[in-house]
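Every chain is numbered from 1, with letters handed out A, B, ... down the list of sequences.
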2 protein chains.
Amino acid sequence: MKSSAKTAANAERKSVVSRREILDAAAGLFRMKGYYATTLRDIAAAVGMKAGSVYYHFDSKEQILEEVLDIGIRSAFEAVRKSIEALPETATWRERFRVALNAHFASLFQLGDYLSANLRVFGQAPPHIYEQHIRIRREYDDYWRNMYEKAQAAGEIRSDVNLSALRLLVFGAMNWAIEWYKPGKKTVDSLADEYTRILFDGVGPR
Amino acid sequence: MKSSAKTAANAERKSVVSRREILDAAAGLFRMKGYYATTLRDIAAAVGMKAGSVYYHFDSKEQILEEVLDIGIRSAFEAVRKSIEALPETATWRERFRVALNAHFASLFQLGDYLSANLRVFGQAPPHIYEQHIRIRREYDDYWRNMYEKAQAAGEIRSDVNLSALRLLVFGAMNWAIEWYKPGKKTVDSLADEYTRILFDGVGPR
DNA sequence: CCTACCGATCGGTAGG
DNA sequence: CCTACCGATCGGTAGG
């Protein structure tokens, strides 16, 4: 009894690890090649399995996509939230914005491939996965929206600034970095600094 | 002789039209579904042909991708250049920037699907097509780079602004619009205005 | 988790 | 530009 329970627990633990390995590999491949160009055989090979064995852990390729997408936003959301909560209550909104930007960039370039994969393959997702995933995206979006509103109410963003334009401009600026950012040439920190300065101070003469 | 020459000319004209129709359809499908999810049968059906007939006009699916990618950047490049050249010599750099932004947005949302398709499927292109296409992209990139440098030299962009960060931030802000822009809700013009104001004046208190 | 396999679909071709 | 087709590959399954 004792030993079979132990064996079962080990098997379960091993299975959880394999699941995560498959997701990690899928995220990396999705990020590089996109969803359709990544085959189950690619994913299986990346974790040393045969194609059919992946179905021991997942019901379908779409289920893998679904989980990769969700992990991508959730981990970024958590990183951003934590970095802001780590600030003192007295922090300015500009400073909150800067650390949020920093955390989002870090999620893109330092915390695995999930967020990059998310941005890369989101548009390739079948409708029912899109509909499901859009909810968590909207929550993340709302978190940022709330930040801009508070900053404007506090007078740190001018009242004539269109917040929805600003929000979308910033998301674009951040996410486009996956197209050109090369680790080593520029730190995530300096990137967040420069973007914050450009956006808050503008580039024109003062 | 005369009539067969005429027939040949007609046939050629018709063939040019068909070619363009195929490219138009491909651009629209690439934009919506990406490259791999778009089949030659989709493209053929969209122009009322059978799959095999597409090969009368193109050697391969990759050749179609190649032309769609190139047309996307070239048409945007031309639109941006013309809009700037239409300005008086005395125009400020801020004004030049605004019309350039406007022309890029117009290319994305009003001048067919080529630029949108380009942004959508560029990352899915096989290496040899990527290598070929990157050249025209770099030319377009250089055109913008030159604009920022001139603006800074003229004192319309502060000397402490990192131009390469600014350039990449702006490309991201512009191109990300394909993810959310819905024609009718907001004009391309007002979008270019708002972005220009945010970037030149900043959002912080002055 | 593997072996062996299936039906569907794909890009592309031959011959007209 | 069509008909008819091919080889390759894909996601997924049965049975162990």
Choose from C:dG11, D:dC1, D:dT13 the nucleotide whose nearest atom is closest to any side-chain atom of A:Tyr55. D:dT13
Are A:Ser18 and C:dC1 close enough that a side-chain N or O sits under 4.0 Å from OP1 or OP2? yes
If you find the nucleotide of DNA chain C closest to A:Arg41 and the one closest to A:Met49, which residue's nucleotide is nearer the 5' end? A:Met49
In this structure, how many angstroms lie between the P atom of D:dC1 and the CZ atom of B:Arg19, rounded? 12 Å
Assuming nearest nucleotide by heavy-atom distance, tell me which of A:Asp42 and A:Asp59 is located more 5' along DNA chain D. A:Asp42
What nucleotide, of C:dC1, C:dG12, D:dG12, holds the atom closest to the side chain of B:Ser60? C:dG12
Which is it for B:Arg137 and B:Asp141 under the salt bridge (Lys or Arg N to Asp or Glu O under 4.0 Å) test, yes or no, and what are the steps along the way? CA-CA 6 Å; B:Arg137 277 207 167 206; B:Asp141 196 27; over 6 Å; no
Mate of C:dG12 where both pairing distances stay under 3.5 Å, Watson-Crick or G-U: D:dC5
Hey, are A:Asp70 and A:Arg74 close enough for a salt bridge, meaning a charged N less than 4.0 Å from a carboxylate O? yes
Between P of C:dC10 and OH of A:Tyr36, the distance in whole Å: 11 Å
A:Ser53 has its side chain closest, among C:dC1, C:dG11, D:dG12, to C:dC1
B:Phe58 CZ - D:dC1 C1' separation (whole Å): 14 Å
Using atom NE2 of A:His57 as one end and atom C1' of C:dC1 as the other, report the distance to the nearest whole Å. 7 Å
Between C:dC2, C:dG11, D:dG12, which one does the side chain of A:Lys50 approach most closely? C:dC2
Other residues, nucleotides and ligands only: do more than 12 of their heavy atoms fall within 6.0 Å of OH on A:Tyr56? no
Which residue lies toward the 5' end of DNA chain D, A:Lys61 or B:Gly48, if each is placed at its nearest nucleotide? B:Gly48
Do the side chains of B:Arg81 and B:Glu78 get close enough for a salt bridge, i.e. N-O under 4.0 angstrom? no
In whole angstrom, what separates A:Tyr56's OH from C:dT3's P? 17 Å
Would you kindly say whether A:Ser190 and A:Thr187 are connected by a side-chain donor-acceptor distance under 3.5 Å? yes
What nucleotide among C:dC1, C:dG12, D:dC1 has an atom nearest to a side-chain atom of B:Leu40? C:dG12
Round to the nearest Å and state the distance from A:Gln63 atom CD to D:dG11 atom C1'. 14 Å
Rounding to a whole Å, what distance do you find between A:Ile64:CD1 and D:dG11:C1'? 11 Å
